[in-house]
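Residue numbering restarts at 1 for every chain, and letters A, B, ... go by the order of the sequence lines. As the structure is a computational prediction, the values presented were derived from the model and not from experiment.
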Amino acid sequence: MRPSALLERLLQLVPVLLGIALVVFLMMQATPGDPVELMLGDALATPEQREALRRDMGLDRPLPERFLHFLGNAATLDFGQSFHHRRPVADVILERLPATIELTLAAMAIAIAVGVPLGVVAAVRRDGWIDRLATILGLAGVSMPGFWLGILLILLFSVQLGWLPVSGRIGFGAEVPPVTGLLLVDTLLAGRPASFLEALRHLLLPAVTLGLAMAALLMRVTRTSMLEALRQDYVTFATAKGLPRRRVLIRHALRNALTPTVTVAAIETGTLLGGNMIVETVFGWPGLGRLVVEGIFTRNYPLVQAAVLLYAVTYVLLNLLADVLQTVLNPKVRL
Amino acid sequence: MRAEAVEEGALARPAEAPAAPARSPFAADLRELLANRTAVLSIAIVLAVAAMALFAPWIAPHDPYEANLLRRLQPPVWLEGGEWAHPLGCDQLGRDILSRIVFGARVSMTIGLLVVAIAAVIGTTLGLLAGYLRGFVDVLIGRIVDTLLGFPYLIFAIGLMAAMGPGLANIVLALVLKEWVLTCRVARAETLAAREMDYVEAARALGASPARIMLGEILPNILSPVLVVATFRMATIVILEASLSFLGLGVQPPVPSWGSMVADGRAFLLDAWWVATLPGVAIFVLVLAINLASQGLRDVFDPRLKA
């Protein structure tokens, strides 16, 4: 990609990000109740103290000014105090972020590992039994609500078979000192394979639950683009040249078919962020998604606001990544 | 069959030139759709769920709110301790699960249909305006669309529900506020293509007003892709509503909603798996049927999108 094209694409993000910030800001303006009362909670305060707090929080300022203030704070990752935790929102979020990142990456890995090969086989053996099975699984995968799938998996693998734990990230006694916050990495760094297995056992069900819908989608996209690629002249030519079938499929067809898959994968990773809230709730996974859901019920608005903003910005950046990857993989596409 | 269609077409438009195809295209589409057994079956399932929602008080064997702690967590009929009076068993308050699933169809269908319909109207209107008028209107609508596309769906809905509080009207509002964007994009793209067509040019040359051209000439021609997208989207909306209800942000108890029924049953997974899983079956069947039905409709009414 030309640097100027990338720069242009980055500049296009500015109004989108401003718009997102505005929507999040307005969302929280619409919340019922007085923020001062929420901040105070059960604490007693004189009217003068309330007034002082109102001024401190900038609530006596006109709306546009408050928005600018919010923007400035957001740019420096200052989202105020979390009502519930009495600590800066940014700290609380950072603490929970690694768990969510680990879960999302694992789900993505499962989705790619299942979806892409299945899509390729389905396309190559079109209308065969694998293709039919893949089509049915694909349809079921996108029609299944994540929370229900999670519960079915818990019932089968935890309750019935007793193979995998029901919730949490790691068992008691298996904890390791945090380095990256990703337990699969930290346990290896600490040189404790037993703890690694323990973390893996906890991660498996939530990651499968989160990744299955994405696997179904990737399978469908890969199948379609692979069928398209197999029809192209260069594939016919490569076959006619007498190249081995395997080489034709992988080097010629798959390489070209993967472009849409990569794009969808990047965008869908953003969608996984939303699914996180559901899956983390089902499996008691101590990540950001569960923090937000809890924040809603404790009316911890600064926290919810910051998290929604973070999710949206990540989503936009993943879309940008999808665009960039597309041009890198396929020079014909120009931004 | 074909002869009938020809006659009907001819009767409906007697002034038309005899060379024009008189066969009703809709009748042909309908025949093609009826030949697709999967599509027919899934449309029948969707209609059955709709009927279940509409006539819930007559179909449900019991009052969905009637609690009886003597029947707390009673198993379904095929398990030991079950009885035919409560074929799917009872929940933690001894309420009949089948009756609650029947009534739960009301929430899913109402929200699914309302959101899709309202979003289709708003999205089509704004898409038409953006695509036909171009210029400032297009830029403004485009900015709003880009901004809303920047939010993952569930995050946006959750953020809004957190701000507005739970309730049926708020769910519809939260979902519509994001949903119209997709219809708008489709409608705009279709309008951009349609406005270059000869029949639009002809209407313009005859002095038709922009409003007349948009409503009379372009709208009928972009309607079928828009409707196909809308039917597909209903599946997503049903899942989103169930997800919000599962998180406790949807319709509030004691009103039965499939998502909140699953959430209620989670606490009893060990001794009473049926409380959490059976309402999920209802969601899965409805969403699967909507997906299959809209695939069938798409293949017939908008074959360009066929995969």
Which atoms of [X] are under 4.5 Å from chain A, going by heavy atoms: the side chain, the backbone, both sets, or neither?
X      : answer
B/F151 : both
B/L286 : neither
B/D146 : both
B/Y153 : neither
B/A235 : neither

Selection from [options] maximising heavy-atom pairs under 4.5 Å formed with chain B:
options                : value
A/L18, A/T281, A/V159  : A/T281
A/L139, A/V304, A/V166 : A/L139
A/Q305, A/M277, A/Q160 : A/M277

Legend entry - Flag side-chain contact, heavy atom, 4.5 Å: A/F147 against B/R266: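 No, side chains not in contact.
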Inset, instruction - From the options A/L155, A/I154, A/I151, select the one residue that forms a side-chain contact (heavy atoms from CB on, under 4.5 Å) with B/W273. - result: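 When A/L155, A/I154, A/I151 are each tested with B/W273, the side-chain contact (heavy atoms from CB on, under 4.5 Å) holds only for A/L155.
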Legend entry - Crowding at CZ, B/R185 (>12 non-hydrogen neighbours, <6.0 Å):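 No, not enclosed.
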Legend entry - Largest heavy-atom contact set with chain A, pairs under 4.5 Å, which of B/L288, B/I290, B/L154: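 Option with the top pair count is B/L288.
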If you compare all heavy atoms of [X] against all heavy atoms of [Y], which two are closest, and at what distance to 0.1 Å?
X      : Y      : answer
A/P145 : B/I283 : CG-CG2, 3.6 Å
A/F297 : B/L247 : CZ-O, 3.0 Å
B/N291 : A/S143 : ND2-OG, 2.9 Å

Inset, instruction - For residues 218-231 of chain A, pull every pair meeting salt bridge (charged side-chain N to carboxylate O under 4.0 Å, His left out), keeping only residues two or more places apart or in separate chains. - result: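 Applying salt bridge (charged side-chain N to carboxylate O under 4.0 Å, His left out) to every pair that reaches into residues 218-231 of chain A, excluding sequence neighbours, yields A/D131-A/R223, A/E228-A/R231.
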